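What follows is one structure encoded as structure tokens, with my remarks underneath.
From a predicted model like this one, the values you see are computed outputs, not experimental measurements.
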Amino acid sequence: MFSSTFFDVRKAVDVQMATIPGTLAYDMDAAKEGDFNAGLATMMEATKDLDKNIVVICYSGKRYAQATTNALSALGYDMSKVFTLEGGMKAWTEGGNAVEA
């Protein structure tokens with residue numbers, strides 16, 4: 001069975017305003033701004049005892065997703081299990097999909 005965990009890696013304040021139902025929030029803003037160690041710490045906590053596919057959700061599918069995948073890769077997470085939601089939250093909401101606050 002296909003089992004995935006959704007990580008919303010946008011700024012915490014934006015996740016509080018709206019997110020995809022059932023996601024886990026991991027603010028990667030510091031990592032996106034160049035603090036790689038903060039990104040490692042965040043993703044280390046996020047993946048502790050996790051062995052599932054991860055779907056990364058960010059703003060548009062670029063910089064926050066890249067910071068997240070860089071950290072996951074450095075931690076040795078199986079990158080064949082990591083996916084980025086193309087277009088991020090922007091595409092999700094423009095597609096008329098449900099969000100929760």
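Counting non-hydrogen atoms of neighbouring residues, nucleotides and ligands closer than 6.0 angstrom, the CD atom of Glu100 exceeds 12 such neighbours.
Hydrophobic clustering (ILVMFWY, side-chain heavy atoms < 4.5 Å, transitive): Tyr26 and Met17 are in distinct clusters. By the rule that hydrophobic residues join a cluster once side-chain heavy atoms approach within less than 4.5 Å of another member, Phe83 and Tyr59 end up as members of separate clusters. Transitive grouping of hydrophobic side chains (ILVMFWY, heavy atoms separated by less than 4.5 Å) brings Met28 and Met44 into a common cluster.
Here Lys52 contributes atom NZ and Ser3 contributes atom OG; the two are 4.0 Å apart, rounded to the nearest 0.5 Å. With values rounded to the nearest 0.5 angstrom, Lys62 atom NZ is found 8.0 Å from Glu86 atom CD. Put simply, CG on Asp78 and OG1 on Thr47 are 12.0 Å apart, with the number rounded to the nearest 0.5 Å.
Annotation: side chain of Asp8 is not in contact with side chain of Ile20 (no heavy-atom distance under 4.5 Å). The side-chain heavy atoms of Leu24 and Phe6, taken from C-beta on, include no pair separated by under 4.5 Å. Between Asp27 and Val9 the shortest side-chain heavy-atom distance does not fall below 4.5 Å. By the 4.5 Å heavy-atom criterion applied to side chains, Phe7 and Leu50 are counted as neighbours. In this structure, the side chains of Thr84 and Gln66 stay at 4.5 Å or more apart for every pair of heavy atoms.
When all heavy atoms of Ala71 and Gly39 are compared, the pair lying nearest together is CB-O, 3.7 Å. Here the closest non-hydrogen pair linking Leu72 and Met43 is CD2-SD, 3.8 Å. The two residues Val99 and Pro21 come nearest to each other via the heavy atoms CA-CD, 4.2 Å.
Within the 3.5 Å criterion, the main-chain N or O of Tyr64 finds a donor-acceptor partner in the side chain of Thr68. For the pair Thr93 (side chain) and Met89 (backbone), a donor-acceptor distance under 3.5 Å is present. For the pair Tyr77 (side chain) and Ile54 (backbone), a donor-acceptor distance under 3.5 Å is absent. Of the possible donor and acceptor atoms, one in the side chain of Asn97 sits under 3.5 Å from a partner among the backbone N and O of Trp92.
The salt bridge (Lys or Arg N to Asp or Glu O under 4.0 Å) pairs that include a residue from residues 89-99 number zero, where partners must be two or more places apart or lie in different chains.
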Does the side chain to side chain contact (heavy atoms under 4.5 Å, CB included) test come out yes or no for Val82 and Asn53, once each step is laid out?
CA-CA 6 Å; Val82 179; Asn53 292 319; over 6 Å; no
Full working for side chain to side chain contact (heavy atoms under 4.5 Å, CB included) between Arg10 and Thr19
CA-CA 9 Å; Arg10 298 173 300 137; Thr19 191; 4.1 Å; yes
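Remark: Lys81 engages Asp51 in a side-chain hydrogen bond (donor to acceptor under 3.5 Å, both in side chains) (not counting sequence neighbours).
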